[in-house]
Amino acid sequence: MELQHTEIEARVKQFWAENKIYQVEIDTNKPKYYVLDMFPYPSGSGLHVGHPLGYVASDIFARYKRLCGFNVLHTMGWDAFGLPAEQYAIQKGVHPAQTTAENILTYRRQLDNLGLSFDWSREINTSDPQYYKWTQWIVTRLFMHYYCKDTQRARPIGKLVAHFRKKGSTGINTANTQKQAFSAEAWTAMSPAEQDAVLMNYRLAYRTLGYVNWCEALGTVLANDEIVNGVSERGGHPVTKREMYQWNLRVTAYADRLLESLNTLEWSESMKNLQRNWIGKSEGALVRFDILGNETALNVFTTRPDTIFGATFMVVAPEHAIVQSITTNEQREAVNDYVTYVKSRSDIERQQEKKVSGVFTGSSCKHPFTGADIPIYLSEYVLAGYGTGAIMAVPSDDDRDNTFAKHFNLPIIEVVDKSMHPADTTAADKLGKLINSDFLNGLEVKDAIKAAIAEIEKRKIGTKKTNYKLRDANMSRQRYWGEPYPIEYDADGVASCLPMAELPLVLPDLADFTPAGNGAAPLAKLQNWVNEKEGFRREVDTMPGFAGSSWYFLRYMDPHNTENFASKEALDYWQDVDFYVGGSEHAVGHLLYSRTWHKFLYDLEKVPTDEPFRKLVNQGMIQGISQFISVKMGEKTVDLHVPINFVNEKGRLTYSRFLDLQKEDRRFAAINDEAIVWHTPADSEMYANCRAEVEKMSKSKYNVINPDDLVAESGADVFRMFEMFLGPIEQSKPFDTKGMKGVEGFVRKFWQQFFDANGNFSVSDEPATAAELKVLHTCIKKVTDDVQRFSMNTCVSAMMICVNGLKELKCNKRAILHQFVVLIAPFAPFISEELWHKLGNTGSVHRDGQFPLCNEAFLVSDTIDYPVQFNGKKKHNIFVPASATKEEIEQIALNDATIQKLLAGATPKKIIVVMGRLISLVV
RNA sequence: GCCUAGAUGGCGGAACUGGUAGACGCACUAGACUCAAAAUCUAGCGCCCUCGGGCGUGGGGGUUCGAUUCCCCCUCUGGGCACCA
């Protein structure tokens, strides 16, 4: 009987929906398992074949776990706030809520076509007020807490206020923006506005004036991870610096813990390294250099305090606040010129052309140990935003300092003797013995660093210090389509957060979505809304995309709860995400913010675990295969993208497919009007050879493959297995539909195994033979092992071998086929459900099936043929009973006539039997 | 420059802790069926060679009876960070 996949899919989908097969509840009799996909932003273009890669893989895993008796939480939702919907709203005037709702319907339909086992009763949407009520609530909690470094956890801001009242700022050890010192009296004497400003220095969500990344084209500020190569990640618009009041998330407070607990996670090493890199912890010392003829001093951060005797000059960032006060009159003009020059250079220019530049300030520092005068320079290679914005330059052991010293003819003093170490040892290796360094002479670098810090602290000229590259995350967006801030300002401008009872603060309707101008958010235009509450003014900025996505995995545990973001019962049962699947592009954005929020909630004892995602797998990107045609355009030849469905299997452009298109779809013709005379079928260029190239899949490259088409053509089961069969999940690879044929053949063969020559359903109740059991159980073993390793491509291979084996044995035994149905169920959910019912089972294979266990006894053969090697060369096979011991194998080998001949009377020096499998005779 | 992952037939890729390299699939070739084609089935398919055999996992060296796997050096490719002191 022919496999009618469309009919089967419709029938099975209905059965699943009617019987709520995938709905899951807390069940304390079963162990829990939480399998999660990174939820998508529902964009206008729908799913392409790249999206399902991770979804299908995690679905297989979720289904496998379910069949193994776990209570599996497997859910999906929508990261629904975001820029594209708002940009579209500005252009077309369609409310983002409407666009988003439409896109969600498309996504939902496409996902359902793939047979994914999500519990849709737990669907969430970050733009739903019932959801963002809790996003806002968490932000109010962040606002109401500070980070105590003594206890290494977040604490209520009230405790800090109480401390200020009693002791002022003395004795606190907190994460803060800047150091402050004030007495209890001074605190009490402060106005509410002044106290508010002080507290902003400690809050975990805080508002401050600072230079931020401003994107004029998008009309909003962006966080560091939203900027790639100096332009906005979305749209590629230029980004400039602008001074504005902004909300920030104090992620730096958690830097150490984020770094530490990475070691406990089952993430790929490269993923952990991306985060380590981004956090960028470095340990060293803060050292004070007194400036000659000036009361102020220059503080520098260095990771190599041991090289301090090699410091021959100082370099200060041109933007540093101290610049004017240390510039002498003789040098003022040169300094001003240089500062102007640096300001004229954009970030991109500075990154691209790194030339040696700088200027002498005229001032000098006194070396804290030698007392020598060391000149202070300005140079753009010292960054204002890192460390103290000033360095002690050690040209002997730092490449940049070295280049600078040579350029400006400054002295270089060797302080580390590297001659004891390999020739290619560099300063970065931190190897060698100190020389020319007074009390440090003779010490190895590692010891010298400790000794130098000890001495620096003893002389009170500096302290041990840890620095991070990680910056606090900007959390304000001057956009409409995001969560409103649950913050209001009183007449004095003092910020307070809304109480729980006033949440959610619903995003008001707006007709015109354009920014309000001058950096103000669209909501500023709604003066009634802004001033709705008497005596208060509402915050008009909205939250960035990462707000809603930083905790969504918790909401799935208890999505309809109105009293809490999730009940304690649900949190205690579901705990955390056991298995998280998603793209590696979220390494330093979503994954870092989620971890931070989660640790914060853990500090508040709201979640039971310190980390949200135990195991993480990053699926690779599915690329498209673009087709190009070379076309003469006037003088030059250009390569143009050709829609892939215009190109036949031989890589030739076919005219007939073009003719099939409706007029409005003739985009390809339109863009190439100039180049090709399209309207003459006889035109030889119509049949030109195309050139294929692997690129990112995108609409503009005409290389997108829609999963819907493939599902309609070959069935969801085939599509799922084929996506898995492409190769390892983690790897990026081009999507080439050519290989689908193989998987299609496999599914068909499997199906036909249940039918006789006349097409009637026919299974035999006779007991299975040893050969049949061996074929099946070999497959069970392989699939069980590989699913757990997340190696889905080899699972599919194993099943293909199994089906070929059963076919060869003409096996239609119920016992064998029943087990295979359960085995294949995670991969091919539709066909397995259909066959499960045909075999006379009730319920659903996905709920009532039990994943078959491998019985190794079936795998054993009577005899095994062992290859025998001589000196690792000559080979000869011997047959031994499968149960033979090492000694017996040796005996049989030595008695074998051929081996005796090969040995020619010699006694082997060594007989090697490894794992009972292979023998090597060393003569 | 630094970090990280990788390099295996014409192609995608197997080989999980060192043990018959190339599983499985695609493509290709031949045969069967067919008037013919498609589909299907059967067989072959790393390279060289006449059998026997020799050579083969980016290149070079090493450890081992035995290396795709472990160690050292080099080349190339993908991803990330990038004047972070």
Side-chain angles (χ1 to χ4, degrees), chain A residues 228-229 268-278 280-282 284 300-305 307 311 315 317 350-351 354-356 379-383 385-394 397-401 403-404 426-428 467-471 584-585 587-588 618 620-621 649 721-722 725-728 730-746 748-749 782 785-786 788-789 791 793-802 804 807 865-873 875 877 908-923:
Chain A
V228 180
N229 296 328
S268 72
E269 216 37 52
S270 56
M271 203 60 176
K272 291 186 191 178
N273 267 308
L274 285 181
Q275 293 218 341
R276 286 191 191 113
N277 223 317
W278 189 260
K281 179 176 181 168
S282 56
V300 301
F301 173 71
T302 175
T303 56
R304 295 294 305 275
T307 62
V315 187
R350 275 173 85 152
Q351 274 170 31
K354 290 171 190 166
K355 38 185 176 182
V356 186
S379 179
E380 60 178 329
Y381 82 85
V382 173
L383 305 175
Y386 183 77
T388 63
I391 61 156
M392 64 173 204
V394 182
D397 283 271
D398 183 286
D399 287 344
R400 294 151 304 173
D401 297 345
T403 322
F404 192 87
T426 64
N467 248 323
Y468 301 89
K469 279 199 266 181
L470 183 73
R471 296 290 128 78
S584 57
E585 67 272 20
V588 292
N618 301 111
M621 196 169 33
E649 303 76 42
M721 293 190 92
F722 176 62
F725 193 61
L726 280 172
E730 293 91 337
Q731 213 165 293
S732 289
K733 56 226 155 189
F735 194 86
D736 191 349
T737 49
K738 273 186 200 135
M740 274 190 75
K741 200 179 149 182
V743 179
E744 241 175 314
F746 156 74
R748 194 178 50 244
K749 274 187 252 175
K782 181 81 178 146
D785 288 351
D786 290 357
Q788 288 170 35
R789 289 167 42 211
S791 170
N793 54 335
T794 52
C795 287
V796 178
S797 293
M799 290 183 189
M800 287 173 168
I801 296 169
C802 184
N804 285 337
K807 197 180 166 192
D865 60 339
Y866 287 126
V868 182
Q869 302 181 8
F870 289 85
N871 294 335
K873 289 260 178 177
K875 284 178 206 165
N877 287 348
K909 282 185 206 146
K910 215 171 177 183
I911 303 173
I912 300 156
V913 178
V914 183
M915 294 161 74
R917 278 195 73 225
L918 187 83
I919 302 171
S920 195
L921 301 180
V922 184
V923 184

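Computed from a prediction, not measured in an experiment: that's the story for all the values here.
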Visitor: Choosing from B:A85, B:C3, B:C83, which nucleotide comes nearest the side chain of A:T303?
Guide: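 For A:T303, the side-chain atoms sit closest to B:A85.
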
Visitor: In terms of side-chain heavy atoms of A:D398, which of B:A5, B:A85, B:C83 is nearest?
Guide: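 Side chain of A:D398 sits closest to B:A85.
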
Visitor: Which pair of non-hydrogen atoms, one from A:P734 and one from A:L726, has the smallest distance, and what is that distance?
Guide: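 Looking at all heavy atoms of both residues, the shortest contact is O-CD2, 4.4 Å.
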
Visitor: Have a look at A:N804 and say if it touches a base, only the backbone sugar-phosphate, or nothing, with a 4.0 Å heavy-atom cut-off.
Guide: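 Touches sugar-phosphate only.
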
Visitor: When the P atoms of B:G13 and B:G79 are compared, how many Å lie between them, rounded to an integer?
Guide: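 The answer is 16 Å between these two P atoms.
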
Visitor: If you find the nucleotide of RNA chain B closest to A:I391 and the one closest to A:E269, which residue's nucleotide is nearer the 5' end?
Guide: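 By nearest-heavy-atom nucleotide position, the 5'-most residue is A:E269.
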
Visitor: Suppose you measure atom P in B:C65 against the same atom in B:A5; what distance do you get, rounded to whole Å?
Guide: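 The answer is 31 Å between these two P atoms.
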
Visitor: When the nearest nucleotide of RNA chain B is assigned to A:A798 and to A:M271 on a heavy-atom basis, which residue is associated with the more 5' position?
Guide: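 Taking each residue's closest nucleotide, the earlier one in sequence belongs to A:M271.
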
Visitor: When the C1' atoms of B:U57 and B:G22 are compared, how many Å lie between them, rounded to an integer?
Guide: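 Comparing C1' positions in B:G22 and B:U57 gives a spacing of 9 Å.
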
Visitor: Give me the one residue out of A:V315, A:D398, A:V300 that meets side-chain contact (heavy atoms from CB on, under 4.5 Å) with A:M392.
Guide: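 Single pass found, and it is A:V300.
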
Visitor: Send over the distance from A:N277 CG to B:U4 P, rounded to a whole Å.
Guide: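 Atom CG in A:N277 sits about 9 Å away from atom P in B:U4.
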
Visitor: Just compare B:A85, B:G80, B:C24 and give me whichever is closest to any side-chain atom of A:L274.
Guide: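 Looking only at side-chain atoms, A:L274 lies closest to B:G80.
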
Visitor: From CZ of A:R471 over to C1' of B:C81, roughly how many Å is that when rounded to an integer?
Guide: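 Going from CZ in A:R471 over to C1' in B:C81 covers 14 Å.
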
Visitor: Please tell me if the side chains of A:Y386 and A:Y468 come closer than 4.5 Å, counting only heavy atoms from C-beta onward.
Guide: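 The answer is no, as the side chains (C-beta and beyond) never meet within the 4.5 Å cut-off.
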
Visitor: So do A:N618 and A:M271 actually touch side chain to side chain, heavy atoms under 4.5 Å?
Guide: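 A side-chain contact exists here, since the closest heavy-atom pair is under 4.5 Å.
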
Visitor: Please find the pair of heavy atoms, one from A:K733 and one from A:G727, that lie closest to each other, and give the distance.
Guide: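 Heavy atoms of A:K733 and A:G727 come nearest at NZ-O, 3.4 Å.
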
Visitor: Please measure how far the C1' atom in B:G9 lies from the corresponding atom in B:U68, and state the result in whole Å.
Guide: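 It works out to 14 Å between them.
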
Visitor: Expressed as a whole number of angstroms, how long is the span from A:I801:CD1 to B:G25:P?
Guide: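 So the two atoms are 7 Å apart, to the nearest Å.
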
Visitor: What's the CG-P distance between A:N273 and B:A82, to the nearest Å?
Guide: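 Taking CG of A:N273 and P of B:A82, I get 15 Å after rounding.
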
Visitor: Return the value, rounded to whole Å, for the distance between atom OH of A:Y386 and atom P of B:C81.
Guide: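 Atom-to-atom, A:Y386 to B:C81, this comes out as 17 Å.
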
Visitor: Given that both pair distances must be under 3.5 Å and the pair must be Watson-Crick or G-U, what runs of three or more consecutive pairs involve RNA chain B?
Guide: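 Expected stems, ordered by start: B:1-7 with B:75-81, B:10-12 with B:24-26, B:28-32 with B:40-44, B:46-48 with B:53-55, B:58-62 with B:70-74.
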
Visitor: What integer distance in Å separates A:K272:NZ from B:A5:P?
Guide: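 So the two atoms are 12 Å apart, to the nearest Å.
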
Visitor: Taking B:A30 as the reference, what is the distance to B:A39 when you measure between their P atoms (whole Å, please)?
Guide: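 Per the computed distance, 15 Å lies between those P atoms.
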
Visitor: Do any N or O atoms from the side chain of A:N467 and from the backbone of A:S282 form a donor-acceptor pair under 3.5 angstrom?
Guide: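 Not confirmed, A:N467 side chain does not pair with A:S282 backbone.
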
Visitor: State, yes or no, whether a side-chain contact exists between A:N277 and A:K469 at a heavy-atom distance under 4.5 Å.
Guide: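 Yes - at least one pair of side-chain heavy atoms lies under 4.5 Å apart.
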
Visitor: Distance between the P atoms of B:U69 and B:G61, in whole angstroms?
Guide: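 Per the computed distance, 14 Å lies between those P atoms.
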
Visitor: Would you indicate whether the side-chain heavy atoms of A:D786 and A:Q788 approach each other to under 4.5 Å?
Guide: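 The answer is no, as the side chains (C-beta and beyond) never meet within the 4.5 Å cut-off.
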
Visitor: Give me the distance, rounded to whole Å, that separates B:A32 from B:C24 when you measure between the P atoms they each carry.
Guide: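 Comparing P positions in B:A32 and B:C24 gives a spacing of 26 Å.
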
Visitor: If you check the A:K469 side chain, which of B:A85, B:C81, B:U4 turns out closest?
Guide: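 That would be B:C81.
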
Visitor: Is there side-chain contact between A:M799 and A:V796, with heavy atoms separated by less than 4.5 Å?
Guide: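 SC-SC contact between A:M799 and A:V796 ruled out.
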
Visitor: Mind checking whether A:F725 and A:F746 have ring centres under 6.0 Å apart?
Guide: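 Ring centres of A:F746 and A:F725 not closer than 6.0 Å.
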
Visitor: I need the CZ-P distance between A:F746 and B:C24, as an integer number of Å.
Guide: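 In whole Å, B:C24 P lies 14 Å from A:F746 CZ.
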
Visitor: I'd like to know if A:E269 pairs up with A:R276 as an ion pair, taking the criterion as any Lys NZ or Arg NE/NH1/NH2 lying under 4.0 Å from an Asp or Glu carboxylate oxygen.
Guide: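 Salt bridge between A:E269 and A:R276, a charged N being under 4.0 Å from a carboxylate O: yes.
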
Visitor: Could you classify B:G9 for me, syn or anti, using a glycosidic angle within 90° of 0 as syn?
Guide: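 That one's syn.
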
Visitor: Please enumerate all protein N or O atoms sitting under 3.5 Å from an N or O of nucleotides 11-16 of chain B, with distances to 0.1 Å.
Guide:
{"from": "B:G12", "atom 1": "O2'", "to": "A:L726", "atom 2": "O", "distance (Å)": "2.7"}
{"from": "B:G13", "atom 1": "OP1", "to": "A:Q731", "atom 2": "NE2", "distance (Å)": "2.5"}
{"from": "B:A14", "atom 1": "OP1", "to": "A:N793", "atom 2": "ND2", "distance (Å)": "3.4"}
{"from": "B:A15", "atom 1": "OP1", "to": "A:R789", "atom 2": "NH2", "distance (Å)": "3.3"}

Visitor: Write down the distance separating the C1' atoms in B:C47 and B:A38, rounded off to the nearest Å.
Guide: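 The answer is 34 Å between these two C1' atoms.
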
Visitor: Flag the pair A:I391 / A:Y381 as yes when at least one side-chain heavy-atom distance between them is below 4.5 Å, and no otherwise.
Guide: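 Yes, at least one pair of side-chain atoms sits under 4.5 Å.
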
Visitor: Just wondering, do A:D785 and A:T794 contact through their side chains at under 4.5 Å, heavy atoms?
Guide: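 Contact flag for A:T794/A:D785 side chains = no.
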
Visitor: Are any protein N/O atoms closer than 3.5 Å to N/O atoms in nucleotides 38-44 of chain B? If there are, list each pair with its distance.
Guide:
{"from": "B:U40", "atom 1": "OP1", "to": "A:R748", "atom 2": "NH2", "distance (Å)": "3.4"}

Visitor: Does the side chain of A:S282 get closer than 4.0 angstrom to OP1 or OP2 of B:A85 through an N or O atom?
Guide: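 True: A:S282 side-chain N/O within range (under 4.0 Å) of B:A85 OP1/OP2.
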
